[in-house]
Engineer: 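Supplied in structure tokens, the structure appears directly below.
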Amino acid sequence: MSSLEINSSSFSQEMKLPLSPPLVEGSTLEPLGCVRKDMNEIEEKSKDIIKFTAEKLSIDEVSQLVVSPLCGAVSLFVGTTRNNFEGKKVISLEYEAYLPMAENEIRKICSDIRQKWPVKHIAVFHRLGLVPVSEASIIIAVSSAHRTSSLEAVSYAIDTLKAKVPIWKKEMYEESSSSWKRNKECFWTASD
């Protein structure tokens, strides 16, 4: 046998693993330490988590905030800074917000989502200040029992946020220029 050949009969014998642990007479299929609870006994208060920060956003952190044993879906939207706009090289974005109104508007969006879809937890994190290329500006996470509700809720959240929440974006270009961007979706600019 050459050094590249594998003896398949000995390989398969060594690599076989049991599909389930062996049963001992009188045992159940539940793993040790697990206690089954009736689904009605599980109580978990729904959460809306809203945060504006100058710190780098973590997709893992935000997604973990909405995880629930009652849910089979966590849907995310992550908006990042791209490196170009209309032929100009973008080096970063700068965000500002009128925080009291922005937080209030996002709470309204969360309330609207809860009226439209059976979701469990909602997290909306938005970065303020400078956001370099490829970093997240916004992360929206929603958990629900089934994927359709959380996917639709996330889409609604970002579309409504862009249309109603007072957050302003300035694009910083490589050639030392910048421009504040008008949000075409924002309701107060629609009549222009």
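The first residue in the sequence is number 1, and the count goes up from there.
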Engineer: Looking at Phe77 and Val154, what are the two nearest heavy atoms and their distance?
Structural biologist: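 Answer, listing the atom of Phe77 first, then Val154: CB-CG1, 3.4 Å.
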Engineer: Closest heavy-atom contact between Val74 and Ser143?
Structural biologist: CG2-CB, 4.1 Å
Engineer: Which distance, rounded to the nearest 0.5 Å, do you find between the CD of Gln115 and the SG of Cys110?
Structural biologist: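 Spacing of CD (Gln115) from SG (Cys110) equals 12.0 Å.
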Engineer: Between atom CD1 of Ile113 and atom OG of Ser155, what is the distance when rounded to the nearest 0.5 Å?
Structural biologist: 10.0 Å
Engineer: Report yes or no: do Val142 and Leu65 belong to one cluster of Ile/Leu/Val/Met/Phe/Trp/Tyr joined by side chain heavy-atom distances under 4.5 Å?
Structural biologist: no
Engineer: What donor-acceptor contacts under 3.5 angstrom involve side-chain atoms of residues 129-141, with partners at least two apart or in another chain?
Structural biologist:
residue: Glu135; atom: OE1; partner: Arg127; partner atom: NH1; Å: 2.7
residue: Glu135; atom: OE1; partner: Arg127; partner atom: NH2; Å: 3.3
residue: Ser137; atom: OG; partner: Tyr95; partner atom: OH; Å: 3.3

Engineer: Is it the case that more than 12 heavy atoms not belonging to Lys47 sit under 6.0 Å from its NZ atom?
Structural biologist: yes
Engineer: Aromatic ring centroids of Trp168 and Tyr98 under 6.0 Å?
Structural biologist: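 For Trp168 and Tyr98, the ring centres are not under 6.0 Å apart.
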Engineer: For the residue pair Ser75 and Ser150, confirm or rule out a side-chain donor-acceptor distance under 3.5 Å.
Structural biologist: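 Yes - a donor-acceptor pair under 3.5 Å links their side chains.
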Engineer: Quick one: pull up CD in Glu94 and OG1 in Thr81 and give me the separation to the nearest 0.5 Å.
Structural biologist: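 Output value for this atom pair is 11.5 Å.
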Engineer: Which residues satisfy the ring pair (Phe, Tyr, Trp, His ring centres under 6.0 Å) test with His121, sequence neighbours excluded?
Structural biologist: none
Engineer: Of all heavy-atom pairs between Ala123 and Val62, which one has the smallest distance, and what is that distance?
Structural biologist: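 Smallest heavy-atom distance, with atoms named: CB-CG1, 3.8 Å.
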Engineer: NZ of Lys56 to CD of Glu61: how many Å apart, nearest 0.5 Å?
Structural biologist: 13.0 Å
Engineer: Are Leu128 and Ile59 grouped together when hydrophobic residues (ILVMFWY) are joined by side-chain heavy atoms under 4.5 angstrom apart?
Structural biologist: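 Result: no, two separate clusters.
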Engineer: For a side-chain contact (heavy atoms from CB on, under 4.5 Å) with Asp48, tell me which candidate from Ile122, Ile109, Val66 qualifies.
Structural biologist: Ile122
Engineer: To the nearest 0.5 Å, what is the distance between NZ on Lys89 and CD on Glu174?
Structural biologist: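 One finds 4.5 Å between NZ of Lys89 and CD of Glu174.
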Engineer: Could you check whether any side-chain heavy atom of Lys51 comes within less than 4.5 Å of a side-chain heavy atom of His126, counting everything from C-beta outward?
Structural biologist: no
Engineer: Grouping I, L, V, M, F, W and Y whenever their side-chain heavy atoms are under 4.5 Å apart, do Ile158 and Val165 come out in a common cluster?
Structural biologist: yes
Engineer: Locate the shortest heavy-atom distance separating Ile91 from Tyr173; write the atom from each residue and the value.
Structural biologist: CD1-O, 3.9 Å
Engineer: When rounded to the nearest 0.5 angstrom, what is the spacing between CE in Met172 and NZ in Lys88?
Structural biologist: 12.5 Å
Engineer: Are the side chains of Thr53 and Glu55 in contact, using a 4.5 Å heavy-atom criterion?
Structural biologist: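 Of all side-chain heavy-atom pairs linking Thr53 with Glu55, at least one is under 4.5 Å.
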Engineer: For a 4.5 angstrom cut-off between non-hydrogen side-chain atoms, does Asp159 reach Leu161?
Structural biologist: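 No, too far: nothing below the 4.5 Å cut-off.
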Engineer: Indicate yes or no for a side-chain donor-acceptor contact from Ser111 to the backbone of Arg107 under 3.5 Å, with no hydrogens or angles considered.
Structural biologist: no
Engineer: Is it true that a side-chain atom of Arg114 and a backbone atom of Ser46 form a donor plus acceptor pair closer than 3.5 Å?
Structural biologist: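 No: the side chain of Arg114 does not pair with the backbone of Ser46.
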Engineer: Return the minimal non-hydrogen interatomic distance between Ser63 and Leu76, and the atom names on each side.
Structural biologist: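 Result for this residue pair: CB-CD2, 3.9 Å.
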Engineer: How close do Ile106 and Phe52 get, counting heavy atoms only, and between which atoms?
Structural biologist: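 Nearest pair, atom of Ile106 first, then Phe52: CD1-CZ, 3.5 Å.
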Engineer: Under 4.5 Å between side-chain heavy atoms, counting indirect links through other Ile/Leu/Val/Met/Phe/Trp/Tyr residues: same cluster for Val78 and Ile50 or not?
Structural biologist: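 No.
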Engineer: In terms of hydrophobic clusters joined by side-chain contacts under 4.5 Å, are Phe125 and Leu93 together?
Structural biologist: no
